[in-house]
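Every value quoted in this text rests on a predicted model; they were computed, and no experiment measured them. Below, read A as the first sequence line, B as the second, and so on, with proteins coming before strands; counting in each chain starts at 1.
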Number of protein chains: 2
Amino acid sequence: MNISDAARHSGLPAKTIRYYEDIGLITPERRANGYRDFSDQTLDRLRLLAQARLMGFSLEECRKLLALNADEHRASRDVRALAEQNLASVRAKITELQALEARLEGLVAQCHGDDDPECAILDGLTGTAPGCAAR
Amino acid sequence: MNISDAARHSGLPAKTIRYYEDIGLITPERRANGYRDFSDQTLDRLRLLAQARLMGFSLEECRKLLALNADEHRASRDVRALAEQNLASVRAKITELQALEARLEGLVAQCHGDDDPECAILDGLTGTAPGCAAR
DNA sequence: GGTCAGCCTTCCAGATGCTGGAATGTATAT
DNA sequence: ATATACATTCCAGCATCTGGAAGGCTGACC
């Protein structure tokens, strides 16, 4: 199977697949002409990669997931630990962004948004107390 | 004022300040010895940069904010538009991450997390129907 | 055989926003 | 003279691709 078919079947761009090979996440065979030849096994790895990336796992986490997936003696505990770690960092990012959202809302709410140069957002960002532009 | 003082007064690392000069966000004077010399004006720009970065603006957005801040004929409408754009992208990211969170929670909840190799998370990521490992 | 489209390959560069480190120069104090 | 604590530039790397250039291979058509 050629790279464009592998791309179709995995949902990943061919460029990304080559990159994944570069960093050792997959090792497809080569045909005599130098073309990559994707086995079903390699395709499975690509599909796992595609799904895990969609689920927010980093490439290094994906590497561990691939290893666990290939290890028939794995403990599901280990997989779960990875997923929980990922979940925790997703939640941390959400919390952070929500704080950002609140602060931005506060700034935007104070700005008139008209033709006037006086702007509460710039005042907020430059540490100028609101109204200082007029003083 | 030397770069380390500028760093102290703006809250930005000296490295970051040099980088901001590299990409043209600031243009501090130079002394005879080649050292940068930060004026109050340049320091103001650094402070705006520091705050705007904390508020999630990209460096290109910061560039526009700096231009607006320096333009006494600006319309606060334009500043507000930038802030709202930023707010919208923050909200979009939150929504995306929340969807991710829900999907991850779903996966994690199904996984036993014990010594057994059977794992709902891997099943979910590989498209294997749950329970297929036992069949 | 020639030619063309449409694959494939490798390698280099760029995006974002810094951050670390090396090699070197300057200022200040003792 | 030396020690230190600054300063400078330049190069490389982080994560994760993505685009493009230059060139080779395949398969169909004439």
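Atom CG in B/N86 sits about 15 Å away from atom C1' in C/dT16, given to the nearest Å. Summarising the geometry, the separation between CZ on B/R53 and C1' on C/dC18 is reported as 9 Å, rounded to the nearest angstrom. One atom, CZ of A/R31, and another, C1' of C/dT9, lie 13 Å apart when rounded to the nearest Å. In this structure, CD1 of B/I26 is placed 12 Å from P of C/dC18, rounded to the nearest angstrom. One atom, CG of A/L49, and another, C1' of D/dC17, lie 14 Å apart when rounded to the nearest Å. Rounded to an integer number of Å, the gap from B/D22 CG to C/dA15 C1' is 16 Å. Between A/I23 atom CD1 and D/dT18 atom P the separation is 13 Å, expressed in whole Å. Atom CD in A/E21 sits about 12 Å away from atom C1' in C/dT10, given to the nearest Å.
Regarding contacts with the backbone of D/dT18, a side-chain N or O of A/T16 is found under 4.0 angstrom from either OP1 or OP2. Residue A/S58 places none of its side-chain N or O atoms closer than 4.0 Å to OP1 or OP2 of D/dA15. The phosphate of C/dA27 has OP1 or OP2 within less than 4.0 Å of a side-chain N or O from B/N33. Of the side-chain N and O atoms in B/Y19, none sit less than 4.0 angstrom from OP1 or OP2 of C/dT16. The side chain of A/R36 contributes no N or O atom lying less than 4.0 Å from OP1 or OP2 of C/dC8.
A salt bridge links A/R31 and A/D37; the closest N-O separation between the charged side-chain nitrogens and carboxylate oxygens is under 4.0 Å. One finds a salt bridge joining B/E21 and B/R30 here, because a Lys/Arg side-chain nitrogen approaches an Asp/Glu carboxylate oxygen to under 4.0 Å.
Nucleic acid contact class of A/R18 (heavy atoms, under 4.0 Å, all strands): base.
In terms of modelled atom types and a separation under 3.5 Å, the side chain of A/S76 and the main chain of B/P117 share no donor-acceptor contact. B/T16 places no side-chain N or O within 3.5 Å of a backbone atom of B/L12 that could act as its donor or acceptor partner.
Counting atom types as modelled, B/K15 pairs no side-chain N or O with a base atom of C/dG17 as donor and acceptor under 3.5 Å.
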Every protein N/O lying under 3.5 Å from an N/O of nucleotides 22-24 of chain D:
| unit_1 | atom_1 | unit_2 | atom_2 | d |
| --- | --- | --- | --- | --- |
| D/dG24 | N2 | A/Y35 | OH | 3.1 |

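Comparing the axis of the opening five pairs of the helix from C/dG1-D/dC30 to C/dT30-D/dA1 with that of the closing five pairs yields an angle of 40°, rounded to 10°.
For A/D40, the CG atom counts as loosely surrounded, since its 6.0 Å shell holds 12 or fewer non-hydrogen atoms of other residues, nucleotides or ligands.
The shortest side-chain heavy-atom distance between A/F38 and A/I26 falls under the 4.5 Å cut-off.
For B/R30, the listed nucleotide lying nearest its side chain is D/dT9; candidates were D/dT9, C/dC18, D/dC6.
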